[in-house]
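Here the structure is laid out as structure tokens; the discussion comes afterwards.
Counting starts at 1 for both ligands and their atoms, in listed order.
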Amino acid sequence: MTEPAPAQFTGPSSFVGPDRVLSGVQPTGDLHLGNYLGALVKFARLQHEIPTFIFVADLHAITAWQEPAKLKGQVREIAAAYLATGLDPKVATIFAQSAVPEHAELAWVFNCVARLGWLDRMTQFKDKAGKHKERESVGLYTYPVLQAADVLVYKATKVPVGDDQKQHLELCRDIAAKFNHDFDAPGFFPLPEALTQGPGARIMSLRDGSAKMSKSDPSDNSRINLTDDADTISQKVRKARTDPDPLPETADGLEGRAEARNLVGIYAALAGTTEAQVLAEYAGQGFGAFKPKLADLAVAVMGPIGAEMRRLLDDPAEIDRILGDGADRARAIAAPTVAEVKKLVGFWAG
Ligand code: AQP
């Protein structure tokens with residue numbers, strides 16, 4: 001039995017294996033612009049560069065109560081969003097987390113590798129649990145451990161996520177390194193890298209530039225949903241909180257103007273350009289002029305996604321077929337990893 005790690009395990013991984021991308025989204029509500037720019041848009045790009053595994057995180061979803069009769073439908077909605085934003089099921093492996101039991105199996109082993117002190121530091125749990133953590137599920141607390149299993153069961157090396165997930169990825173690396181160390185298996189698991197770069201890494205609420213855009217924000221006006229129609233998108237952009245000053249010439253001028261910075265960042269991410277280029281075009285103009293341009297851009301990018309999701313959801317059997325096929329392909333990678341882990345741990349069934 002190894003003593004708790006005195007410090008975090010870092011350093012280069014001796015892992016030698018193929019690069020793989022892994023990420024997922026919880027089926028816990030309408031996907032929004034933050035999920036799209038922070039995660040989904042990267043999935044579609046990466047699938048053509050590196051073998052890509054994208055799952056719907058239904059095990060994670062039940063860390064908070066989900067209506068059983070609705071959960072399958074919620075999973076299909078996320079799958080439809082993946083497809084509508086450009087994931088190709090012939091290229092990427094798309095599946096539901098609950099269809100690959102190896103995630104949960106590996107998570108148990110990792111629960112015994114991770115230290116309580118490591119989890120105590122997770123700020124997302126503190127944010128979500130608020131003042132009443134004793135009322136939260138144990139699953140919400142150990143969520144980042146399951147997340148580490150999600151990634152490492154595929155020995156994935158790249159994890160495209162929003163900024164809010166960086167800390168969980170660091171924990172994932174610590175778990176991988178401690179497992180490799182404790183079970184004398186150098187390089188068995190890679191130390192995966194979070195891909196958070198880009199202007200969409202942290203999209204803030206349209207009502208409060210200091211809060212992350214989030215599915216669970218009670219105000220629907222705080223976010224643009226993937227399923228919003230053109231009028232709703234335009235209205236939400238026009239109502240977005242801003243300040244009375246014109247846009248500055250450089251990004252330094254956005255200092256202390258969180259709402260202004262957020263809208264410029266959203267424009268840059270949607271247009272596939274940079275904050276500096278947006279400011280070069282709009283410097284000196286007020287939000288009365290800028291917001292309609294942003295609204296048009298958001299409608300042009302998001303409108304077709306919502307329409308395609310609605311079309312796909314008309315054929316749930318086809319979505320189920322894609323998820324079933326993806327689960328078979330995912331298990332073909334995950335099962336051998338768990339078999340190796342069982343041997344390393346010394347399980348009777350290993
Ligand atoms: N505001 C955001 N900006 C950029 N990226 C974001 N992501 C979430 N919000 C933003 C990224 O979206 C991916 C999927 O997130 P998730 O649904 O699995 O979990 P989450 O981070 O908890 O998403 P929400 O919307 O904030 O949900 P609630 O309100 O339930 O907490 C992740 O890659 C995440 O980084």
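The single protein non-hydrogen atom nearest to atom 17 (O) of ligand 1 is K215 NZ, 2.2 Å, given as residue, atom name and distance. With hydrogens left out, the protein atom closest to atom 5 (N) of ligand 1 is G34 O, 3.1 Å, a heavy atom.
Of the possible donor and acceptor atoms, one in the side chain of K42 sits under 3.5 Å from a partner among the backbone N and O of G38. With R241 contributing its side chain and D208 its backbone, the two residues share no donor-acceptor pair below 3.5 Å. When atom types are taken as modelled, the side chain of R223 and the backbone of S214 share a donor-acceptor pair closer than 3.5 angstrom.
Taking every heavy atom of Q165 and a limit of under 4.0 angstrom, the matching atoms of ligand 1 come to 21 (O), 35 (O). Close approach of ligand 1 to G38 (heavy-atom distance below 4.0 Å) involves ligand atoms 4 (C), 5 (N).
A distance of 5.0 Å separates CE in M213 from CD1 in I266, rounded to the nearest 0.5 Å.
The pair K128-E136 does not meet the salt-bridge criterion, since no charged nitrogen lies less than 4.0 angstrom from a carboxylate oxygen. Ion pairing of R311 with D314 is absent here, as no side-chain N (NZ or NE/NH1/NH2) approaches a carboxylate O to less than 4.0 Å. Ion pair D228/K236 flagged as a salt bridge, since at least one NZ, NE, NH1 or NH2 atom sits closer than 4.0 Å to an Asp/Glu carboxylate oxygen.
If you look at F43 and F53, their ring centroids are not closer than 6.0 Å. Aromatic ring centres of H103 and F110: separated by at least 6.0 Å.
Residue-to-ligand polar distances keep V161 apart from ligand 1: every N/O pair is separated by 3.5 Å or more. Annotation: K212 places an N or O atom under 3.5 Å from an N or O atom of ligand 1; distance criterion only. Ligand 1 has no N or O atom lying under 3.5 Å from any N or O atom of P160, backbone or side chain. Distances between N or O atoms of D217 and those of ligand 1 include no value under 3.5 Å. The shortest N/O to N/O separation between D164 and ligand 1 falls below 3.5 Å. Remark: ligand 1 and V25 share no N or O pair separated by less than 3.5 Å (distance only, no angle test). Between S23 and ligand 1, no N or O atom pair is found at a separation short of 3.5 Å. At least one N or O atom of H32, backbone or side chain, sits closer than 3.5 Å to an N or O atom of ligand 1. At a 3.5 angstrom cut-off on N or O pairs, S214 counts as close to ligand 1. Where the criterion is an N or O separation shorter than 3.5 Å, residue side chain and backbone included, G162 meets it with respect to ligand 1.
Not a single heavy atom of L37 sits closer than 4.0 Å to an atom of ligand 1. Close to ligand 1: A201, with a non-hydrogen atom less than 4.0 angstrom away. A heavy-atom separation below 4.0 Å is not found between H60 and ligand 1.
Checking D58, V75, I62 one by one against S98, the side-chain contact (heavy atoms from CB on, under 4.5 Å) holds for a single residue, D58.
By the 30° and 60° cut-offs, the orientation of the rings of F287 relative to F290 is perpendicular.
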